[in-house]
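The structure appears below as structure tokens.
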Amino acid sequence: MSILISGGTVVTPSGSRAASVRIDGETVAEVGDLAPRPGEQVVDAAGCLILPGGIDSHTHLELDCGPGLMTADDWVTGTRSALAGGTTLMVDFATQFHGESPTEGLAHWHRLADGRAVSDYAFHLAFTEWKPEFVDELPALVEAGVTSFKMYMGYYGSMMVTDDQILQALRATRELGVTVGFHCENGTVIAARVAEELAAGHTASWYHQHTRPEESEWEAAYRLGFIAQTADAPVYVVHVSSAGTLDVVKDYRARGVRYAAETCPQYLVADNSEYGPEPVGGVADPAAEKHARKFMMSPPLRDASNNDRLWRLLADGDLHFVGTDHCSFTLEEQKARATAFNKVANGAPGIELRLPLLWSYGVVPGKITPERFVAVTAENAARYFGLFPRKGVVAAGSDADLVIFDPNRTWTVRHDAMHDGTDYSQYEGRELTGKVRDVFLRGRLVVTDGEPLPDLPPGRYIPRGLPDLEVR
Ligand code: URP
Ligand code: ZN
Ligand code: ZN
């Protein structure tokens, strides 16, 4: 039997209109001025927006970060938390660990996610090293629906790849029509600065951002642009933290390089004051240290002037989509273990609050329009990552991944009411406007009044097509 969502406003990047949405099975059957059919289930969306299910372009679920350090969210909690926040699909980073082949990395991620995820999902393939023989495996990975890859320019001595390796990889990905995302930081200089601070007895988490200033991101983004230009290959920068990085991207785009950019809510709604003042003697007091660790991530938060500049770049089409870099650890145990800033579990949760944070800090004060909100939370990622038009849009024939979003509901972030596997939210106590009410995944109700239903059926792996590189 079909379902009619009626009385709401359907939002797409090209406009918003009062309309109803009819779901038939797993897909959207019709969008328009629709009257209920006899016996049809009707969902009243009066006063609410009907949005395409969110697509998070950047997550790390169940990522093994070294001995005894597994992310707090596995594929069960992470995807449940995603649904509660209106994200119906994430493109997670399947990871080729040292000594593994990329094919083994992908198989590993299928073992983790298949049958356990409750949202839909897709995979990028992230390389923790580069070997020339990987080139031979790429066509089969693309055939399996992995049409984007990731390399790290940061993390010297563990995952950092060299410029000539990047060039080699890009020459191969170019031939396949796929894209590569880059973690842009100058890993070599950062490693030297970290060693210097530690040698001086400076262990506080404040030194994390001090040793990896925003120029380190600009520099890597600039170098990447040159390598991409040399290889004539498309690339994108993941988790852009600094507005200056977008000056670099814009420059290369103007010169014809196919260069896209992703940011994350934390770089739009938080700043480096969260790390506190420079600690006297290099060691922070315990309360300041604990707070700083909530935002311990790479790249780190930047000075507040970046927030407004990033919002403007997002509004103007110079930033293309917003992922979360959800890479969660517990504060009381996993983040507490470290005795120095370079050992603190690196990453933060984010998947459940992406939509409400962007609405509250972006749409409510008029920094972005509701239409742009939909573009950067769903449609652009669907296009760039080869999921469109199956995902990322409310249109006849698309998967019925739908979010009924109350744009006026005010509420306070309380981690106790959230669904992830961590023990904190870095946004605890923030007052937000705009909340996910109901979520449908391929036509099935999975969240009602913000609460995921119990016993959700498994989500589905969605193989991806080739990227549409023309996103704006
Ligand atoms: O701090 C972060 N971002 N951890 C996850 C790995 C990455 O760099 O994306
Ligand atoms: Zn990264
Ligand atoms: Zn990441």
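Only heavy atoms go into these numbers, but all of them, side chains included; no hydrogens, no water, no symmetry mates. One-based numbering, in listed order, for ligands and for the atoms of each. Because the structure is a prediction, the values reported are computed rather than measured.
- Between the side chain of Thr211 and the backbone N or O of Tyr207 there is at least one donor-acceptor pair closer than 3.5 Å.
- A donor-acceptor pair under 3.5 Å is absent between the side-chain atoms of Thr59 and the main chain of Leu61, judged by distance alone.
- Which parts of ligand 1 touch His60 is read off a 4.0 Å heavy-atom cut-off, strictly below it: atoms 5 (C), 6 (C), 7 (C), 9 (O).
- Considering only non-hydrogen protein atoms, atom 1 (O) of ligand 1 sits nearest to Ser298 N, 2.8 Å.
- Between the Thr173 side chain and the Ala169 main chain, a donor and an acceptor come within less than 3.5 Å of each other.
- For His183, the N, O or S atom with the smallest separation from the Zn ion (ligand 2) is ND1.
- Within Asp325, the N, O or S atom at minimum distance from the Zn ion (ligand 3) carries the name OD1.
- Against a heavy-atom cut-off of under 4.0 Å, Tyr155 is close to the following atoms of ligand 1: 2 (C), 4 (N), 6 (C), 7 (C), 8 (O).
- By the criterion of a heavy-atom distance under 4.0 Å, neither the backbone nor the side chain of Met159 is placed next to ligand 1.
- The Zn ion (ligand 3) has no N, O or S atom of Cys327 under 2.8 Å away, backbone or side chain.
- In summary, the side chains of Glu129 and Gln165 do not present any donor paired with an acceptor at a separation below 3.5 Å, with no hydrogens or angles considered.
- Using a 4.0 Å cut-off to heavy atoms of Lys150, the atoms of ligand 1 that qualify are 7 (C), 9 (O).
- Contact annotation: His58 places an N, O or S atom under 2.8 Å from the Zn ion (ligand 3).
- For the residue pair His419 and Glu451, a side-chain donor N or O sits within less than 3.5 Å of a side-chain acceptor on the partner.
- With Val238, Asn346, Asp325 as candidates, the residue nearest to atom 3 (N) of ligand 1 on a non-hydrogen basis is Asp325.
- In summary, the atoms of ligand 1 found under 4.0 Å from a heavy atom of Met297, numbered by their order in the structure, are 1 (O).
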Is there a side chain to side chain donor-acceptor pair (under 3.5 Å) between Thr179 and Tyr384? Walk through the geometry before answering.
CA-CA 9 Å; Thr179 186; Tyr384 194 74; 2.8 Å; yes

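- Side-chain contact check for His326 and Asp73: at least one donor-acceptor pair (N or O, by modelled atom type) lies under 3.5 Å.
- Listed by number with element, the atoms of ligand 1 under 4.0 angstrom from any heavy atom of His58 are 9 (O).
- Between Glu197 and Arg193, none of the side-chain N atoms (NZ, or NE/NH1/NH2) sits under 4.0 Å from a carboxylate O, so this pair counts as no salt bridge.
- Residue contacts with ligand 1 for His239 involve side-chain atoms from C-beta outward but no N, CA, C or O (heavy atoms, distance under 4.0 Å).
- At a heavy-atom cutoff of 4.0 Å, ligand 1 is contacted by the side chain of His183 but not by its backbone.
- Within 6.0 Å of CD in Glu133 there are more than 12 heavy atoms belonging to other residues, nucleotides or ligands.
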